[in-house]
Amino acid sequence: MSQCHRHLSTLISTLLLLATRPSRTTLAFNIPLFASSKQQRQPTKIFSIDISETAPRDIAPLLQWSTDVGIQYDLTLTTASSDDGKEDVYAITTHDTPASSCVLYVPPQVMLSTKNAAQPFDNSAAQLHPNELPAFSLFTQVLRHYEAAATNGSNGSPYYDYLNSLPRYYTNGASMTDFCFGCLPPYAAGLALEDKNRYKKFVNALESVSDLSDEIKRHRDATRWAYNVVVTRYQQVMVSSDEDGGGIASHNNNGLCLIPLVDYLNHGGVHSNSYVTYDEEGGAYVYTACDVPAGEPLTLCYGDPNNPSALLARYGFLDETSDATYCKYIITNPSYEVRNLGYPHAMLFYKDGSISQEVWDVLLYQELSKVSTDNDGQLANNFYQARINGNVDITSKYHSQYWEYTLLELQHHVNSVMDELEELEIGLVTQLNMGREGAERHPRLMLLTRHNEFIKDIFENVEKNLNTMFS
């Protein structure tokens, strides 16, 4: 063990949080102001942050930096190789940790946040949807700190050590090429392309930002890296408060934040063992949701565990622990009624081949909408009202009467997706057979192949299930 690690072990032991969930008063740490704590640090060697995809991450200074700025933690970081051979760094426990233990506290002044952040961009950023502006604000903040840190190290940005620890290589939609999009089935490709197009919109909107240099605005590697940092690592902070004194907690959207160390907890899906909560000031606390053995990864849920394609598009990983996947049935301009019936999030195919009720409901509603009647749409509306009101007798009657139509429509959909996956497999296998040359030209190839195989396995089981329904 290095001298630095011995020092960290001693320091961590003095900061261990209580094994049972502590009250807010017991966690009212005496935290120095972020700026003043950085002024006390010895100057870091000044050099540019290399953000090329093959550049190594500088993880060693991160925990010391975290301590210096007031972060308190009962965890450590470990490094492993991911499936594509890239470096993965994530948080693990240092000892057996009981459920409801606080393992991490991050004070609000340490976070990169959209709350109360200066917004030096004009109306030309109006090309962005209002929902995109918070992420765009974080995007510009990361670029400002990168530009400052790249030339002046920690003297230029207090986030130098944090930024220099972050990944360089990404596999989400914004990082994909046209070849990658062509390797994915339509639904997954569409989600990934949306991410890519959002990145392009962010870059175009940089023209409205007055305090960034033209050089950084046109630095493709820097803008893509900053975008990927934001979309793969931000948290939406919801702060509970009792502003009216009535004893009823309200939840205020405190904006989007990049929270150092919290973003080193990997995705655990339905099996996540940790969760994040916030105090009234916006400080972040990570608690264990169950007993976590020593050396076990600490994990959060990043999103819908039953939509692995969406997780791939935004974060760039495949959650193979998912019990189900969205059925990939695409409706152009879906109506309010269709969405209220469960489209698309609740339309699931499960690993065992079973099909969620929402799939049948949406398909039936779509079929009834096509039926020609004296009053257009009346059948569909009657079914919709019965489903929403929980009238099982009426909905069952409709399902029974139009069973053949919905079954044929679903089988046609499954067969179409299977045909697409088989065609894509031919091209992927051709590239994989090229060995190292194919991997170097298309480094995300293995991930995309695993995604398609995961989806295909589920669809094959659904196909078997549908075949039994025809017999």
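- Under a 3.5 Å cut-off, the side chain of T93 and the backbone N or O of L75 do not form any donor-acceptor pair.
- Aromatic pair Y315/H267: centroids not less than 6.0 angstrom apart.
- Taking the six-membered ring for Trp and the full ring otherwise, the centers of Y90 and Y264 sit at least 6.0 Å from each other.
- Here the side chains of Q141 and S137 are in contact, with some heavy-atom distance below 4.5 Å.
- Between the side chain of Y169 and the backbone N or O of A55, no donor-acceptor pair lies under 3.5 Å.
- No side-chain donor-acceptor contact under 3.5 Å links Y384 and D361.
- Aromatic ring pairs are classed by plane angle as parallel below 30°, tilted from 30° to 60° and perpendicular above 60°; the pair Y326 and Y343 is perpendicular.
- Exactly one residue among I259, V262, L62, V106 makes a side chain to side chain contact (heavy atoms under 4.5 Å, CB included) with I71. That residue is V106.
- In summary, the side chains of D74 and H95 do present a donor paired with an acceptor at a separation below 3.5 Å, with no hydrogens or angles considered.
- By the 4.0 Å N-to-carboxylate-O rule, R314 lies too far from D195 to be salt-bridged with it.
- Residues V89 and T78 are not in side-chain contact: their nearest non-hydrogen atoms beyond the backbone lie 4.5 Å or more apart.
- Side chains of S309 and H451: a donor-acceptor N/O pair is present below 3.5 angstrom, by distance only.
- Checked against the 6.0 Å centroid threshold, W225 and Y146 count as a close aromatic pair.
- A 4.5 Å side-chain heavy-atom check between V142 and L258 finds at least one atom pair inside the cut-off.
- Closest approach of E207 to K217, counting heavy atoms only: O-NZ, 4.0 Å.
- Checked for salt-bridge contact, R339 and E358 miss the test: no charged N lies under 4.0 Å from a carboxylate O.
- Ion pairing of R198 with E132 is present here, as a side-chain N (NZ or NE/NH1/NH2) and a carboxylate O approach within less than 4.0 Å.
- A donor-acceptor pair is defined here as one N or O able to donate and one able to accept, closer than 3.5 Å; such a pair exists between the side chain of S213 and the backbone of I216.
- In this model, a donor atom of one side chain and an acceptor atom of the other lie less than 3.5 Å apart for N172 and N228.
- Between P260 and V110 there is a side-chain heavy-atom pair separated by less than 4.5 Å.
- For the ring-ring contact (aromatic ring centres under 6.0 Å, His included) test with F136, the passing option among Y234, F202, Y199 is F202; the others fail.
- Ring geometry, Y285 versus Y287: the interplanar angle falls under 30°, so the pair is classed parallel (tilted spans 30 to 60°).
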